[in-house]
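In what follows, chains carry the letters A, B, and so on, assigned in the order in which the sequence lines appear, proteins first and then strands, with residues in each chain numbered from 1. Values reported hereafter were calculated over all heavy atoms of this structure, with side chains retained and with hydrogens, waters and symmetry mates removed.
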2 protein chains.
Amino acid sequence: MTDDDPGRRPLSRDRVLRAAVALADEHGLDAVSMRRLGQGLGVDPMSLYKHVANKDDLLDGMVDLVVGSVEAGDTAVGDAVEGDGGGWKGALRGRVMAARRAMLAHGWAKRVLEAREGASPAVMRHYDAVAGILRAGGFTPDLTHHALHVLGSRLLGFSQELFDDSAALAEGPEVLELHARRMAGQFPHLAEMMLGISHDEATVVGSGCDDQFEFTFAIDLLLDGLERLRDAAPADGH
Amino acid sequence: MTDDDPGRRPLSRDRVLRAAVALADEHGLDAVSMRRLGQGLGVDPMSLYKHVANKDDLLDGMVDLVVGSVEAGDTAVGDAVEGDGGGWKGALRGRVMAARRAMLAHGWAKRVLEAREGASPAVMRHYDAVAGILRAGGFTPDLTHHALHVLGSRLLGFSQELFDDSAALAEGPEVLELHARRMAGQFPHLAEMMLGISHDEATVVGSGCDDQFEFTFAIDLLLDGLERLRDAAPADGH
DNA sequence: ACCTGAACACCGTTCAAGT
DNA sequence: ACCTGAACACCGTTCAAGT
């Protein structure tokens, strides 16, 4: 009977989705079950089906909410890139980095987006905005299309990790080096890479795989490559 | 009591994994449950835990089997690329395309690999082979490392699909065009792209998104970009 | 010591019974 | 007509009881 008795406010799709996002943020995606979600809202699990078609629809709605938040505080501010005066590259980077921030804030969203095959409305709007940036940057519709495919999941701010080395990273560079030496026999080239990294950059923070660096490295390589294609064949994208 | 009574052959990890792969190939990944797998092998579900630590270990073993098959019939044959006499690009394309064939043959593998965070032994061997190709191609360890990250999941032959348009594709180009016109209001740039595509290529097969084309397009753009970086700074990959 | 299957603690969703 | 909760058909895994 208190003021914030959750049973008082009427249920709505938005309230269900926000509760699900909060639940996933706090306890992980696996904690998001119809039963537990209903319990958190002080509602019979079955009542959720009034606002959500099924579990998949719930997950779709959750990512839609997260991706939709990208549009609010997006590229307008600038996200000033070091060496350019805005333009399509800066705008694209801004959009993509905003999406990345949203993804990093909601770690579970990446996993849901990978599992989904159809794009939600907010994702479609995001893609459309990116396409618009490219068109304004002088890309043909055809090359714009290929560009979207090339950028792929990086449009949403994440990339496929090769493998998770965060456990080894957390233990410090000497553990990483030990790890590398141990696998030198089986994976000589990977070991060489790892050892090279831990030698080059003596600072602790830089060793191992720096996700943020690798992400921007990839984006820049892709944008440069696309720009070259645009300039090579301005009339036809193929 | 027949000759091929599955109960006769003793269970082994390999036999369990092969049965799981066959089950996933035939009835989809969701059909792979400990209960159903045990049933298919004529064995108590709990007996599987003698050969497999848990469900995740089972899935790991399954993808390991698939990725491991890539090494058998890999780049040796040549996979001759149009305009070059082999070299690192041809070798890399060959390896990646072999992985792609394996992935296309086992549609569920992509989903499992995306969900996994740690790389299985076969995947590690694959990465190491790719790293070896790059090193032999004159890349520094550092640039080799970044190259692996840039190529990402495409090393294993797949890329993140933006959205699945196979349903619309199957209905033919006129349906695709209708689709595009309907969404022109909300997603003008995406609609323009789709309409441009269906106009350019009148043949039915070519319209919509050609996965194979987009994949090779991306690979070529990435390899060209990496080559340029290699040649720009031969001594230091950064 | 090994194997097995009943049991536990969950799922998403159906559907009939209650209001 | 609407809402609800018991019930269904599954899960992965534990664990104690049987051999």
> Name the one of A:His149, A:His145, A:His146 that satisfies ring pair (Phe, Tyr, Trp, His ring centres under 6.0 Å) with B:Phe213?
Replying inline: A:His146
>> Would A:Arg125 and B:Phe187 count as a cation-pi pair here, with the cationic atom under 6.0 angstrom from the ring centre and within 45° of the axis?
In response: no
> Which one is paired to D:dT13, where only Watson-Crick or G-U wobble pairs with both distances under 3.5 angstrom count?
Replying inline: C:dA7
>> Only pairs with both distances under 3.5 Å count, Watson-Crick or wobble alike; so what is the partner of C:dC2 in this structure?
In response: D:dG18
> When you match A:Arg35 and A:Lys50 each to their closest nucleotide on DNA chain D, which lands nearer the 5' end?
Replying inline: A:Lys50
>> Could you tell me the boundaries of the chain A footprint on DNA chain C, defined by atoms under 4.0 Å from its heavy atoms?
In response: C:dC11 to C:dT14
> Between B:Arg13 and B:Asp57, is there a salt bridge with N-O shorter than 4.0 Å?
Replying inline: yes
> Stepwise, does the side chain to side chain contact (heavy atoms under 4.5 Å, CB included) test hold for B:Asp60 with B:Val112?
Replying inline: CA-CA 8 Å; B:Asp60 277 338; B:Val112 176; 5.6 Å; no
> Looking at side-chain heavy atoms only, is the closest gap between A:Leu58 and A:Leu17 below 4.5 Å?
Replying inline: yes
> Taking A:Trp108 as the fixed residue, which of A:Leu113, A:Leu23, A:Val66 is the one that meets the side-chain contact (heavy atoms from CB on, under 4.5 Å) rule?
Replying inline: A:Val66
> Considering only the C1' atoms, how many Å lie between C:dG12 and D:dT14, rounded to the nearest integer?
Replying inline: 23 Å
> Distance between the P atoms of C:dA7 and D:dT19, in whole angstroms?
Replying inline: 16 Å
